[in-house]
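For reference, the structure is listed below as structure tokens.
Here the structure is a predicted model, which means the values were calculated and not measured. Values reported hereafter were calculated over all heavy atoms of this structure, with side chains retained and with hydrogens, waters and symmetry mates removed.
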Amino acid sequence: MNSKSIGNGPVHRTSLKVLIVVILTTGIFFRFTNLDRKVYSFDESITSLRISGYTWTEMVQQDFQGKTISVEELQRKYQHTNPEKSWLDTVKGLATEEPQLPPLYFILARFWAQLFGPQPATVRSLSAWISLLVFPSIYWLCWELFRSTSAGWMAVTITAVGPFHVLYAQEARPYMMFAVLILLSNAILLRAIALQKSPATFKSTSKLTKAVWFIYAIVLTLGLYCSLLFFLVIFAHGIYVIFTEKWRFSKTLIAYLLASAVAITFFAPWIWVLINNSPKIEATVGLPRLSLSWISSLKPLILITCRIFIDTHWAGGIIKLGSSGIATDLIRLVVASILLLAIAHSIYLLCRSTPKRIWLFILTAIGITVIALIAVGGVADRYLVPYILEIQLAIAYLFTVKILVATNSRKKQLWQLSLIAIISSEIISCAVSSQSQLWWNKYPSSTKYNPVVASIVNQAKKPLVISHGGNNLTGKILSFSYLLKPEVQLLLAVKPEQIKIPDGFSDVFLYRATEALQFELEKVQKYKIIPIYKPGDVWLWRVEK
């Protein structure tokens, strides 16, 4: 079956157009609803710290020295834009403390916060607006791949209410920008290759081809300055071009190599930053290391694959993976099996019914991403964006073919019901997560119990919250501060002996106290500390004389 056979379908029907508009509108609604209600996670608070221009080190040196500071003052200084800091300070902070994060998104986020405000909902809205560019980008990519408007609208419909897209559209992080640049680079590469192979009978065609390759180089550069994982995208493109050109040193391969070289050259300053600050990367996140634990990576990969269409996770989801019981396990197994079979069938259909240039493009992106991330033990939703997008393209092609080309009415109805089930599960997933303050993408290990802990602190008449630690504490305390009343006072210190509790507070709390701090207050300063919230580890203590 040739992909051209799906070029014309029933998308012209008014009822279907209305349905697509409704689903698209629903997806947009989910992206912008309750932006201010979700817990501001560890990483998001670090995004705002970068926006402020301050660094972890400066924050620790200035306000982790055993003196009190109000929540309002802490946020004003380290979560808002400051006139004494510029966007260059944002870049310097990333270069010195988080060089694994290129600066493009954070620079845009700083200007966005300057224009519209530093509140969580406002900062997150940048990602939400960027995520809307996924729709035209994936439609264009489908056209370049399949030459089918029907497949394009199918892909738009599936991604519009996809749980992954909606959740990360509400994150103050660069993941949606990464997704858009991947889709654009894919579409532009295919357009450039098509132009390169077209008869060069007119000068205008040659000029247009060069212009498209130049735009491709620009998008690659932006992609690299958005995420280091864009190197995987460039590598996958290279493998694709080499195989489609049959290992010949053709004009297309030369153009790709030149565009990639230009992008990497423009990215060279940040490569220099990475090389010079590799010890900092090792200290904060660790450098990638070859891992042979393929089997251990298989389970998270399966969970992530299923979550593309139905949100399931132990920390939140419409099928909670932490739930016990035979019925729950059976439901999980059935749902996962159906989804994995559908994905496998979509890839099989691609390979059987489309030209090599189509199925090779999708399989290359899937294979390179999965192999690379499994090899370094980096299987996580936010890193698998290229893989997720290509899976969605394969599924969009599957449903387009099965619904538009099927001659058996009963089979066609079955596939229509299957599509309805997929879209419904996506919408239900988004509806449930939209009403939740905390979800799996909010780093539950750092934030899971913060809402309850904050409610206890906020009930006190004049509370003081004490905590101790280094750079790792900055993100935790900044995230926690968004749930506290502005007038709550904080006493933060790098060393336990810096803690001297002042008088005048109705209640004194320890937030996630270290053993060293407990020893200092209980054994050295002779205070009595009482655990008052213990969901496992103690998250909150009360200090009494």
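Closest approach of L398 to A342, counting heavy atoms only: CD2-O, 3.6 Å. Considering all non-hydrogen atoms of both residues, V379 and L301 come closest at CG1-N, 3.9 Å. Shown here for D311 and S429, the closest heavy-atom pair between the two residues is N-OG, 3.0 Å. Heavy-atom minimum distance, L389 versus A179: CD1-O, 3.8 Å.
T122 contributes no side-chain N or O that, together with a main-chain N or O of P118, makes up a donor-acceptor pair within less than 3.5 Å. Judged purely by atom type and a 3.5 angstrom limit, S45 uses its side chain to pair as donor or acceptor with the backbone of G475. Counting only distance, with no hydrogens or angles, the side chain of Q170 and the backbone of F30 share a donor-acceptor pair below 3.5 Å. Formation of a donor-acceptor pair under 3.5 Å by the N34 side chain with backbone atoms of S434 is found in this model. Formation of a donor-acceptor pair under 3.5 Å by the S436 side chain with backbone atoms of W439 is not found in this model. Panel note: side chain W270, backbone P99; a donor-acceptor pair is recorded below 3.5 Å. Remark: side-chain polar atoms of S260 are not paired, donor with acceptor, to backbone N or O of L257 under 3.5 angstrom. Remark: side-chain polar atoms of D381 are not paired, donor with acceptor, to backbone N or O of F164 under 3.5 angstrom. Side-chain atoms of W213 do not come within 3.5 Å of backbone N or O of T252 as any donor-acceptor pair.
Separation of atoms CZ (F309) and CD1 (I395) is listed at 4.5 Å; rounding is to 0.5 Å. Distance check: L145 CG to L141 CG gives 4.5 Å after rounding to the nearest 0.5 Å. Taking OG of S185 as the reference point, atom CD1 of I234 lies at 8.0 Å (rounded to 0.5 Å). A distance of 10.0 Å separates CG of L183 from CG of L133, quoted to the nearest 0.5 Å. Once rounded to the nearest 0.5 Å, the distance linking CG of L49 with OH of Y54 reads 10.5 Å. Note that CD1 of I347 is 8.5 Å distant from CD1 of I362, once rounded to the nearest 0.5 Å.
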Inset, instruction - Go through T305 and Y387 one step at a time and tell me if the side chain to side chain donor-acceptor pair (under 3.5 Å) criterion holds. - result: CA-CA 9 Å; T305 303; Y387 166 82; 2.6 Å; yes
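Here the side chains of S125 and L35 are in contact, with some heavy-atom distance below 4.5 Å. The shortest side-chain heavy-atom distance between V161 and F29 does not fall under the 4.5 Å cut-off. No side-chain heavy atom of T221 sits less than 4.5 Å from a side-chain heavy atom of F267. Residues F361 and L189 meet the side-chain proximity criterion, which asks for heavy atoms closer than 4.5 Å. Contact of the L101 side chain with the R50 side chain is not registered, since no non-hydrogen atoms from C-beta on lie closer than 4.5 Å. Using a 4.5 Å heavy-atom cutoff, the side chains of W56 and E98 are in contact. For the pair L478/S48, no side-chain contact is recorded, criterion being any heavy-atom separation below 4.5 Å from C-beta on. I193 places a side-chain heavy atom less than 4.5 Å from the side chain of Y240.
Of the N and O atoms on the side chains of Y482 and Q79, at least one donor lies less than 3.5 Å from an acceptor on the other residue.
The 12-atom threshold is exceeded at OH of Y225, counting heavy atoms of other residues, nucleotides or ligands nearer than 6.0 Å. Atom CH2 of W87 has 12 or fewer heavy atoms from other residues, nucleotides or ligands within 6.0 Å. The neighbour count for F214 CZ, taken as heavy atoms of other residues, nucleotides or ligands under 6.0 Å away, does not exceed 12. A 6.0 Å sphere centred on OH of Y348 holds no more than 12 heavy atoms belonging to other residues, nucleotides or ligands.
You'll find the ring centres of F32 and W129 inside the 6.0 Å limit.
Note: W440 and Y168 have perpendicular aromatic rings, judged against thresholds of 30 and 60 degrees for the angle between ring planes.
With S137 as the partner, the side-chain contact (heavy atoms from CB on, under 4.5 Å) test is satisfied by one option alone out of T159, L184, V156: L184. Screening Y397, W359, Y139 against F146 for a ring-ring contact (aromatic ring centres under 6.0 Å, His included) leaves a single residue, Y397.
Under a 4.0 Å N-O distance rule, the pair E245/K251 does not qualify as a salt bridge.
With sequence neighbours excluded, no residue satisfies side chain to side chain donor-acceptor pair (under 3.5 Å) with R37.
Screening residues 162-173 for salt bridge (charged side-chain N to carboxylate O under 4.0 Å, His left out) gives D43-R173, E171-K442 as the qualifying pairs, with residues at least two apart or on separate chains. Residue pairs meeting the side chain to side chain donor-acceptor pair (under 3.5 Å) criterion with at least one member in residues 229-239, sequence neighbours excluded: N186-H237, Y216-H237.
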